[in-house]
Amino acid sequence: MSCLQLERLLPEYIKRFEAYIPSKPDPELMRLYGCSRLYRLNNNENPLGPPDAALEVIRNFFPPKAAIYPSGDAYYLRQKLAEKFSKHPDQFLVGNGANEVIGFVIKAFCESGDNIVTADKTFAVYEWVAEFSGFEARLVPLKDYEFDDRGMLDCIDDRTKIVFLCNPNNPTGTYWNRERLERFLDAIDSRRIVVIDEAYCEFVEADDYPDCMSLIDRYPNLVVFRTFSKMYGLAGLRIGYLAGELSVVDAIRRTCVVYSVNTLAQEAALAAVGDEGHLVRSRQFVRQGKDFLRRELTRLGLTFVAREGNYVMIELPMSDTLAYRKLMTQGVMVRSMTGFRFPNHIRVTISFMEAMEAFIEALETILRRSV
Ligand code: PMP
């Protein structure tokens with residue numbers, strides 16, 4: 001038997017690419033770090049969980065349905081979204097989390113030699129999917145923690161197919177207001193697709209935050225991403241979607257393998273849409289938690305960015321990977337930011353007061369010990 005020639009089989013761009021290593025399950029981590037409870041403040045989940053109606057659906061899920069394939073195109077959910085946003089159901093494409101729809105768009109529009117443009121310090125999956133698919137990801141540095149419109153326009157060339165904007169940005173929480181976004185869309189010609197990732201839009205409280213769903217009518221090259229993982233507390237079920245102009249979504253649909261979104265996720269998401277009470281309650285505790293963190297981080301003399309979204313980014317006088325490990329021994333899990341190109345920074349998810357107090361206590365302890 002001849003030996004496997006992996007070197008010959010792999011394209012250069014896969015050889016170069018390093019796999020993402022997800023964190024271990026909580027019980028393993030707790031054993032590893034010797035803590036008896038763990039506050040998960042690393043993934044921007046909603047500690048309130050799913051809205052009541054979605055919880056009800058999950059509790060009452062009819063087990064024999066597990067043997068039956070789900071709707072291949074999330075039929076009822078798309079109808080519901082169409083109603084909510086006054087659009088046609090075919091203007092929506094539902095995926096296994098917003099993560100999956102990133103791949104749909106890149107596969108639909110990019111071919112050999114094409115590139116995508118995004119920021120250097122933002123949600124990294126746009127960059128990763130482009131690169132492990134063999135396309136160049138052009139990364140424009142943030143300016144004052146914000147996406148740099150001028151820099152992005154300068155970076156676009158004839159082979160730029162997609163521009164990804166994260167609004168509000170993960171991890172900085174900065175956002176472009178309606179005027180700034182429209183100016184950008186006007187300046188970009190419609191030969192490129194502009195993706196606006198609105199994973200955290202339901203947490204935004206600013207009045208001038210743009211309504212991108214309505215902008216799709218004016219800018220046919222606009223594609224909007226949303227997810228049920230954050231505000232709607234369904235991260236474990238994996239469901240997100242994109243919306244766009246009919247012909248654009250028709251094109252993207254060609255790259256979408258059906259049945260990736262399971263029945264329970266579709267039914268829970270359907271029940272979650274439109275629960276305004278859940279949104280109000282979630283925004284309220286995020287506001288309280290953020291105010292608390294602002295006060296406490298100022299008291300500790302730390303630099304931080306606390307804008308929109310259910311997270312805060314903090315600069316530390318020590319390595320973020322070391323801080324991660326030390327906080328874990330205190331039962332607090334945060335996101336270290338070196339992977340986001342923010343060395344010595346951590347990102348913390350806003351949670352209930354008990355968790356926020358535990359985080360500050362643990363942070364104070366590790367800072368005191370490091371001096
Ligand atoms: N976009 C952004 C900005 C995110 O932060 C995330 C998740 N962290 C996603 C998309 C993907 O979300 P999901 O796949 O869970 O829907």
Side-chain angles (χ1 to χ4, degrees), residues 40-41 43-59 74 76-87 92 94-95 97-98 101 123 166-171 173-178 181 196-216 224-243 264-294 306-312 348-356:
R40 292 184 63 93
L41 306 177
N43 266 342
N44 300 340
E45 291 141 346
N46 186 344
L48 271 184
D52 287 346
L55 274 182
E56 204 54 25
V57 164
I58 295 167
R59 266 191 217 107
Y76 290 117
L77 179 59
R78 287 187 305 107
Q79 288 200 331
K80 181 87 175 198
L81 294 171
E83 206 179 289
K84 177 176 161 79
F85 295 112
S86 307
K87 302 217 172 302
F92 298 90
V94 180
V101 303
F123 186 55
C166 189
N167 209 40
N169 188 32
N170 172 14
T174 51
Y175 71 99
W176 283 0
N177 64 20
R178 191 185 173 102
L181 178 65
I196 315 283
D197 183 346
E198 298 189 330
Y200 298 95
C201 66
E202 295 92 353
F203 291 101
V204 175
E205 305 223 75
D207 293 334
D208 58 352
Y209 181 71
D211 172 10
C212 280
M213 285 294 180
S214 71
L215 287 180
I216 289 171
V224 178
F225 289 175
R226 297 271 179 109
T227 179
F228 286 96
S229 297
K230 307 299 178 185
M231 173 58 92
Y232 289 104
L234 294 173
L237 296 188
R238 311 303 301 125
I239 182 162
Y241 61 96
L242 62 75
L264 182 57
Q266 292 188 32
E267 292 186 2
L270 181 65
V273 173
D275 187 333
E276 284 301 316
H278 179 79
L279 268 62
V280 171
R281 282 193 297 281
S282 303
R283 285 194 198 116
Q284 195 176 337
F285 85 76
V286 169
R287 201 179 311 128
Q288 274 172 1
K290 226 186 263 180
D291 284 347
F292 171 79
L293 285 189
R294 278 194 190 100
R307 310 271 176 91
E308 298 294 344
N310 61 337
Y311 44 87
V312 168
V348 183
T349 303
I350 308 293
S351 184
F352 298 137
M353 263 339 226
E354 180 189 307
M356 297 291 86

* How close do A54 and A268 get, heavy atom to heavy atom, and via which atoms? -> CB-O, 3.5 Å
* To do: State, yes or no, whether a side-chain contact exists between V224 and L242 at a heavy-atom distance under 4.5 Å.
  => no
* Asked: Taking all non-hydrogen atoms of both residues, which atom of E308 and which atom of V204 are closest, and how far apart?
  -> OE1-CA, 3.3 Å
* Can you tell me if R78 uses its side chain to pair, donor with acceptor, with the backbone of V94 under 3.5 Å? -> no
* Sub-4.5 Å side-chain heavy-atom contact between R226 and M213 -> yes
* I239 side chain reached by L77 side chain, heavy atoms, under 4.5 Å -> yes
* Asked: Do Y241 and F225 pass the side-chain contact (heavy atoms from CB on, under 4.5 Å) test, and can you show the C-alpha distance, the side-chain angles, and the key distance before you say yes or no?
  -> CA-CA 6 Å; Y241 61 96; F225 289 175; over 6 Å; no
* **Contacts of type side chain to side chain contact (heavy atoms under 4.5 Å, CB included), residue A82, not counting sequence neighbours** => P89, F92
* Separation between CG of L215 and SG of C212, rounded to the nearest 0.5 Å -> 5.0 Å
* Asked: Salt bridge check: are E56 and R59 linked by an N-O gap of less than 4.0 Å?
  -> yes
* To do: Would you check if Y232 and P51 make a side-chain contact, meaning some heavy-atom pair closer than 4.5 Å?
  => yes
* Are L234 and I58 close enough, and set up right, to give a side-chain contact (heavy atoms from CB on, under 4.5 Å), and what steps lead you there? -> CA-CA 10 Å; L234 294 173; I58 295 167; 4.1 Å; yes
* To do: Could you name each residue pair satisfying side chain to side chain donor-acceptor pair (under 3.5 Å) that touches residues 264-275, not counting sequence neighbours?
  => K65-E267
* Side-chain contact, heavy-atom cut-off 4.5 Å: Y209 with E198? -> yes
* **Closest approach of A206 to Y175 (non-hydrogen atoms, all atoms of both residues)** => CB-OH, 3.1 Å
* Asked: Is R40 salt-bridged to E45, cutoff N-O under 4.0 Å?
  -> yes
* **Option passing side chain to side chain donor-acceptor pair (under 3.5 Å) with E205 (candidates K290, R287, R283)** => R287
* Side-chain heavy-atom pair L81, Y76 within 4.5 angstrom cut-off -> no
* To do: Would you sort out whether N46 and S282 count as a side-chain hydrogen bond (donor to acceptor under 3.5 Å, both in side chains), showing the intermediate values?
  => CA-CA 8 Å; N46 186 344; S282 303; 3.1 Å; yes
* Residues N44, Y200; criterion side-chain hydrogen bond (donor to acceptor under 3.5 Å, both in side chains); working and verdict -> CA-CA 9 Å; N44 300 340; Y200 298 95; 3.0 Å; yes
* Asked: Is a side-chain N or O of N177 found less than 3.5 angstrom from the main chain of D208, in a donor-acceptor match?
  -> no
* To do: Determine yes or no for a side-chain-to-main-chain donor-acceptor pair under 3.5 angstrom, with H278 supplying the side chain and M231 the backbone.
  => yes
* Check: K230 side chain, F203 main-chain N or O, donor-acceptor pair, under 3.5 Å -> no
* To do: Measure the spacing between CG of L48 and OG of S351 and express it to the nearest 0.5 Å.
  => 8.5 Å
* Structure fact -> Residues T227 and E202: closest non-hydrogen pair is O-OE2, 4.4 Å
* Structure fact -> Of all heavy-atom pairs linking G173 and P168, the shortest is O-CB, 3.8 Å
* To do: Please say whether more than 12 non-hydrogen atoms of neighbouring residues, nucleotides or ligands are located less than 6.0 Å from CZ in F352.
  => yes
* Asked: Are D197 and N167 close enough that some pair of their side-chain heavy atoms sits under 4.5 Å apart?
  -> no
* What is the minimum heavy-atom distance between A306 and R294, and which atoms define it? -> O-NH2, 3.0 Å
* Asked: Of I350, L41, V348, N170, which meets side-chain contact (heavy atoms from CB on, under 4.5 Å) against Y311?
  -> N170
